[in-house]
Undergrad: 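Once you've had a glance at the structure underneath, I'll fire off some questions.
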Amino acid sequence: MSKFLPMLFLIGLFFVMWLVLYAHQRRERQKRALPLREDFLAAQGQPEAACHACGKGELKDEGLGSGRDVRRIVSCAACDTLLYRYERPAEVEAD
Ligand SMILES: [Zn+2]
């Protein structure tokens, strides 16, 4: 039995790694399939975006590929639910 323990450990390790990778790729696919901001607000029927899972209005904005990506993904800051995506114009400094 003790001979198989290292093997079982490795199989378990690979399985856990696969699960983590799978969850990550699933979330990446979900990000790309998110509704646009206009569609999200229209579906929600409110002028201000809020989380549809927990109702909080505190949202976080992150880049799709990297922090500076113009394709932005907005998710709930409280429960991490993905909400909508939008594309930020290249020059947004003039505000
Ligand atoms: Zn939420």
Side-chain angles (χ1 to χ4, degrees):
M1 184 58 203
S2 64
K3 239 172 97 180
F4 296 105
L5 273 178
M7 187 74 95
L8 280 176
F9 174 73
L10 281 179
I11 292 172
L13 191 68
F14 276 112
F15 184 67
V16 168
M17 276 160 51
W18 180 82
L19 272 183
V20 168
L21 197 68
Y22 178 79
H24 176 75
Q25 287 185 333
R26 187 162 166 260
R27 193 162 163 94
E28 287 303 305
R29 271 200 305 275
Q30 283 175 341
K31 281 181 184 175
R32 284 169 172 80
L34 281 174
L36 286 169
R37 187 184 157 82
E38 299 80 51
D39 297 333
F40 177 81
L41 289 176
Q44 203 178 35
Q46 287 164 5
E48 281 297 308
C51 176
H52 49 66
C54 71
K56 295 234 166 65
E58 210 178 307
L59 308 178
K60 63 177 183 234
D61 180 316
E62 53 196 2
L64 179 61
S66 65
R68 294 175 59 81
D69 203 322
V70 292
R71 294 164 302 172
R72 312 302 297 175
I73 300 296
V74 177
S75 55
C76 176
C79 72
D80 230 32
T81 301
L82 294 169
L83 299 174
Y84 61 85
R85 67 193 163 91
Y86 72 95
E87 218 155 283
R88 189 168 61 187
E91 294 106 3
V92 77
E93 311 318 320
D95 209 335

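The figures here come from the full heavy-atom set of this structure, side chains too, leaving out hydrogens, waters and symmetry mates. Treat the numbers as computed from the prediction; the structure is a model and nothing was measured. Order of listing sets the numbers, starting from 1, for every ligand and every atom in it. Residue numbers start at 1 and run along the sequence shown.
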Undergrad: Could you tell me whether Gln46 atom CD has more than 12 heavy atoms of other residues or ligands within 6.0 Å of it?
TA: yes
Undergrad: Which protein N, O or S atoms sit under 2.8 Å from the Zn ion (ligand 1)?
TA: Cys51 SG, Cys54 SG, Cys76 SG, Cys79 SG
Undergrad: Gln44 side chain to Ala50 main-chain N or O, any donor-acceptor pair under 3.5 Å?
TA: yes
Undergrad: By side chain to side chain contact (heavy atoms under 4.5 Å, CB included), which residues pair with Leu59, not counting sequence neighbours?
TA: Ala49, Val74, Leu83, Tyr84
Undergrad: Please identify each residue that fulfils side chain to side chain donor-acceptor pair (under 3.5 Å) with Asp69, with sequence neighbours left out.
TA: Arg71
Undergrad: Under the criterion salt bridge (charged side-chain N to carboxylate O under 4.0 Å, His left out), which of Arg85, Arg72, Arg68 is the partner of Asp61?
TA: Arg72
Undergrad: For Ala53, give me all partners under side chain to side chain contact (heavy atoms under 4.5 Å, CB included), at least two apart in sequence or on another chain.
TA: Cys51, Cys79, Thr81
